[in-house]
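Here is the structure we will look at.
Reckoned from all heavy atoms, side chains included, excluding hydrogens, waters and symmetry mates.
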2 protein chains.
Amino acid sequence: MKVTIYDIAEKAGVSIATVSKVINNKGRISVETRENVLAVMKELNYRPSIIATALTGKNTNTLGLLIPDLANPFFAELARSIEDSAKDLDYNVVICNTDYSSVKESEYIDLLIQKQVDGFILASGFEQMKPVETLIERNIPVVIVARELPEFAVMSVANDDYYGGYLAAQHLVEQGHQYIGILGRDLWSNRERIRGFNTYLEEQEIPLWPNFKYIEGVEHVEEAIKETRRLLSDAKRPTAIFACNDLLAAGAIRAARDLDFEIPEDLAIVGYDDTSIATIVQPTLTSVAQPIPEIGAACISLIVNKIQGIPVQNKNLKFNPTLMIRQST
Amino acid sequence: MKVTIYDIAEKAGVSIATVSKVINNKGRISVETRENVLAVMKELNYRPSIIATALTGKNTNTLGLLIPDLANPFFAELARSIEDSAKDLDYNVVICNTDYSSVKESEYIDLLIQKQVDGFILASGFEQMKPVETLIERNIPVVIVARELPEFAVMSVANDDYYGGYLAAQHLVEQGHQYIGILGRDLWSNRERIRGFNTYLEEQEIPLWPNFKYIEGVEHVEEAIKETRRLLSDAKRPTAIFACNDLLAAGAIRAARDLDFEIPEDLAIVGYDDTSIATIVQPTLTSVAQPIPEIGAACISLIVNKIQGIPVQNKNLKFNPTLMIRQST
DNA sequence: TTGAAAGCGTTACCAA
DNA sequence: TTGGTAACGCTTTCAA
């Protein structure tokens with residue numbers, strides 16, 4: 001049923017080798033034969049099997065993307081921008097949700113290796129390094145996005161989390177806040193954000209939040225509500241909150257309003273990622289913006305160059321975040 | 001570098017045919033040989049190449065998912081639930097954004113056919129039917145999700161849009177509203193939702209909104225803000241708005257508040273999809289809920305059964321939406 | 001119970 | 001400029 005290179009060869013009265021050459025624009029073929037073959041291909045609506053092609057050692061033009069959770073708007077927007085950029089270069093993306101689970105990370109990597117994807121874009125947490133090492137050992141192109149792995153010589157794309165945290169602190173302090181709560185899960189990128197945040201406070205000789213706790217669990221909004229309640233019920237409550245992503249910030253806003261705190265008068269809030277959430281919440285959310293489309297494009301550009309053997313100068317791209325000031329501060 | 005069936009065969013001192021049989025649990029193999037081969041496979045960390053397997057006519061265990069826009073939380077959540085369910089059955093999902101573009105729909109379908117995906121889940125608009133017909137003619141499994149194609153004998157999974165619209169109308173009318181604006185793009189599902197909505201109004205002999213216009217453009221929130229402004233500046237302004245998705249509803253909320261309308265006192269708003277947005281906005285949003293996890297699971301179940309040749313009784317699944325009442329009404 | 005060999009749709013080398 | 005053919009890694013049929 002399916003039309004193969006043999007059908008084309010037969011109908012065009014040439015060998016399959018010749019057909020293969022015109023498909024790939026290789027070798028020397030007379031104009032006539034080429035046009036003839038092309039015509040037959042069009043007539044029969046021929047499409048080479050990528051499967052068969054891949055078996056001979058060529059690429060599958062497929063990339064694996066490991067992401068913690070598509071339902072988190074930041075990752076959805078990142079996945080979207082990666083997919084868009086991939087399409088421009090004729091690549092497809094297999095998206096896998098890991099839920100921050102090391103087991104799933106490892107399973108998916110195994111599976112996608114089996115499927116012979118040309119490269120991996122890792123946006124998952126990877127607190128566990130073994131699967132990534134496997135990739136590197138096997139010399140499979142990898143780009144890490146939204147975090148860094150200084151221990152490895154892998155390509156990476158990220159925003160400068162440290163600087164983003166620094167920006168957030170600076171903004172809040174300039175607004176007169178001294179006592180600032182922090183909301184975030186225990187992830188590499190958040191640790192960086194908090195490190196940048198605290199650095200600014202230290203520079204200003206402002207004491208750090210005394211009983212900071214990382215948030216557990218994946219239900220961002222719910223967790224943030226719970227934790228914000230705790231912070232606000234403190235004897236000496238914070239006048240501002242820095243949330244390590246917009247979802248957490250949305251939870252903080254909700255909790256604050258439930259307790260009849262006015263934002264930003266009684267409590268200022270800064271989020272991170274500047275996703276669509278930031279303009280949907282009320283009041284709109286001041287948030288540290290990552291240039292998501294640029295990040296996505298950079299991932300694809302890095303990995304495709306690597307796949308095609310094109311040397312790149314800078315293998316570790318870092319974009320500057322910017323502070324989007326809105327009503328919440 | 002890569003370990004193949006030949007390596008296993010050699011090291012185990014058997015033929016590749018034997019190895020293949022133990023891999024697939026076929027034919028009759030002595031316990032000893034089987035265990036020996038298994039041991040060697042484990043030792044060499046052997047993984048069959050899915051590419052090579054596929055070339056022999058077997059499945060790729062990969063599904064194509066065409067979605068209009070991952071950045072829309074409804075589709076992100078749907079994609080996530082589909083991916084989750086797929087993983088449970090050892091399938092991977094290639095996610096493609098179409099931006100509601102017929103050209104992209106068609107390009108992606110072509111490409112994924114070339115890549116020999118085992119089936120397609122179509123959540124994109126498909127106002128243009130040709131690509132879908134191609135799939136059907138080629139006898140490639142397809143399930144349509146979030147809309148129906150009564151013209152075709154394809155499998156489908158959806159919520160009952162007509163009933164969802166009806167529910168929304170009923171709720172608003174019961175709250176005393178008579179003059180209700182509608183926000184929605186011109187899509188099949190929205191036409192159904194609006195049809196259901198209007199049916200209820202007609203049953204109650206309430207006149208329909210006189211100058212209804214479908215919304216254009218993809219920037220949901222922005223478009224909704226613009227259109228809501230228009231509605232609210234009308235001489236006889238609506239007291240309620242039914243938005244065909246939560247993003248539009250969020251835009252309506254923003255526009256209303258910008259104009260100092262109190263919600264729900266001055267303007268009630270009902271959304272659709274009950275995505276995470278509904279509990280993030282302020283006030284929280286009354287929304288017609290689709291059972292997204294069930295819908296995702298149903299898609300995968302239908303298509304995998306079809307792929308594996310397992311007959312299914314009901315090829316067109318319809319889930320009942322439910323109304324989640326919150327602060328906006 | 002095991003294995004030889006053909007076949008899946010391509011590519012690429014080497015001859016012609 | 002063209003074509004024959006081995007090779008890619010696996011499955012499957014048929015013999016042994």
Side-chain angles (χ1 to χ4, degrees), chain A residues 1-38 40-41 44-62 110-118 138 308, chain B residues 1-38 40-41 44-62 110-118 138 308:
Chain A
M1 213 52 312
K2 174 187 288 183
V3 9
T4 74
I5 203 171
Y6 285 94
D7 302 318
I8 306 298
E10 186 175 5
K11 183 142 190 175
V14 297
S15 74
I16 60 162
T18 303
V19 177
S20 177
K21 280 171 196 150
V22 351
I23 293 171
N24 299 292
N25 260 308
K26 280 195 174 173
R28 348 196 104 278
I29 304 287
S30 73
V31 196
E32 308 170 43
T33 354
R34 138 164 287 107
E35 306 222 309
N36 179 223
V37 170
L38 252 18
V40 175
M41 288 187 355
L44 267 45
N45 191 30
Y46 168 72
R47 306 260 178 252
S49 156
I50 297 190
I51 296 285
T53 306
L55 193 55
T56 71
K58 290 195 153 190
N59 289 335
T60 53
N61 273 44
T62 305
D110 258 27
L111 191 62
L112 294 177
I113 288 179
Q114 264 190 76
K115 294 206 172 170
Q116 235 163 101
V117 298
D118 299 333
R138 295 224 198 183
Q308 300 180 344
Chain B
M1 214 50 313
K2 174 186 290 182
V3 7
T4 75
I5 203 172
Y6 286 92
D7 302 319
I8 306 298
E10 188 175 2
K11 183 142 191 174
V14 297
S15 75
I16 61 162
T18 304
V19 177
S20 176
K21 280 170 196 151
V22 352
I23 293 172
N24 298 292
N25 261 307
K26 279 193 175 173
R28 349 195 103 278
I29 304 285
S30 73
V31 196
E32 310 169 42
T33 351
R34 137 165 287 105
E35 305 222 309
N36 179 221
V37 169
L38 251 19
V40 175
M41 288 189 351
L44 267 45
N45 190 28
Y46 169 70
R47 307 261 177 249
S49 155
I50 296 191
I51 295 286
T53 306
L55 195 55
T56 72
K58 289 194 155 190
N59 289 334
T60 53
N61 272 42
T62 305
D110 258 27
L111 191 61
L112 295 177
I113 288 179
Q114 262 188 78
K115 292 204 173 170
Q116 236 163 102
V117 298
D118 299 332
R138 294 224 199 184
Q308 301 181 344

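In this structure, the CD1 atom of B/I50 is 12 Å from the C1' atom of D/dC10, given to the nearest Å. D/dC10 atom C1' lies 12 Å from atom CD of A/Q116, rounded to whole Å. Rounded to a whole Å, the CZ atom of A/R28 is 17 Å from the P atom of C/dA12. Remark: P of D/dG3 and CD1 of A/I5 are 12 Å apart, rounded to the nearest angstrom. Residue B/L55 contributes atom CG, which lies 12 Å from atom P of D/dG9 at whole-angstrom precision. Atom pair B/I51:CD1 and C/dT10:P shows a separation of 13 Å (rounding to whole Å applied). If you take NZ of A/K2 and C1' of C/dG9, they are 9 Å apart, rounded to a whole angstrom. In this structure, A/Y6 places its OH atom 11 Å from P of D/dG4, rounding to the nearest Å.
Comparing C/dA12, D/dT2, C/dT10 against the side chain of A/A52 picks out C/dT10 as the nearest. Side chain of A/Y46, nearest nucleotide from D/dT12, D/dG9, C/dT10: C/dT10. Among the nucleotides D/dT2, C/dT10, D/dC10, the one closest to the side chain of A/I29 is D/dT2. Checking D/dT2, C/dG3, C/dA5 against every side-chain atom of A/K21, the shortest atom distance belongs to D/dT2. Comparing C/dG3, C/dT11, D/dT11 by their nearest atom to the side chain of B/V14 picks out C/dG3.
Taken to the nearest 0.5 Å, the OG atom of B/S20 stands 11.0 Å off from the CG atom of B/N25. Note that CZ of A/R47 is 11.5 Å distant from CD1 of A/I23, once rounded to the nearest 0.5 Å. B/T53 OG1 to A/L55 CG: the interatomic distance, rounded to the nearest 0.5 Å, is 9.5 Å.
One finds a side-chain N or O of B/T18 lying less than 4.0 angstrom from the OP1 or OP2 phosphate oxygen of C/dG3. Taking only side-chain nitrogens and oxygens, A/S15 never comes nearer than 4.0 Å to OP1 or OP2 of D/dT2. Taking only side-chain nitrogens and oxygens, A/T56 never comes nearer than 4.0 Å to OP1 or OP2 of C/dT11. Considering only side-chain N and O atoms, A/T33 lies nowhere under 4.0 angstrom from the phosphate OP1 or OP2 of D/dT1. Side-chain nitrogen and oxygen atoms of A/T53 include none within less than 4.0 Å of the OP1 or OP2 phosphate oxygen of C/dT10. Note on B/K26: a side-chain N or O is less than 4.0 Å away from OP1 or OP2 of D/dT12. Distances shorter than 4.0 Å separate none of the side-chain N or O atoms of A/T4 from OP1 or OP2 on C/dC8.
Contact detail for A/Q116 and A/T60: the closest heavy-atom pair is O-OG1, 2.8 Å.
Between A/N24 and A/K58 there is a side-chain heavy-atom pair separated by less than 4.5 Å.
Counting heavy-atom neighbours within 6.0 Å of B/E10 CD, excluding the residue itself, gives a total of 12 or less.
Checking A/I16 against A/R34, the closest nucleotide of DNA chain D that is more toward the 5' end is the one next to A/R34.
Residue-level contact check: B/S49 touches the backbone only, with heavy atoms under 4.0 Å from sugar-phosphate atoms and none from bases.
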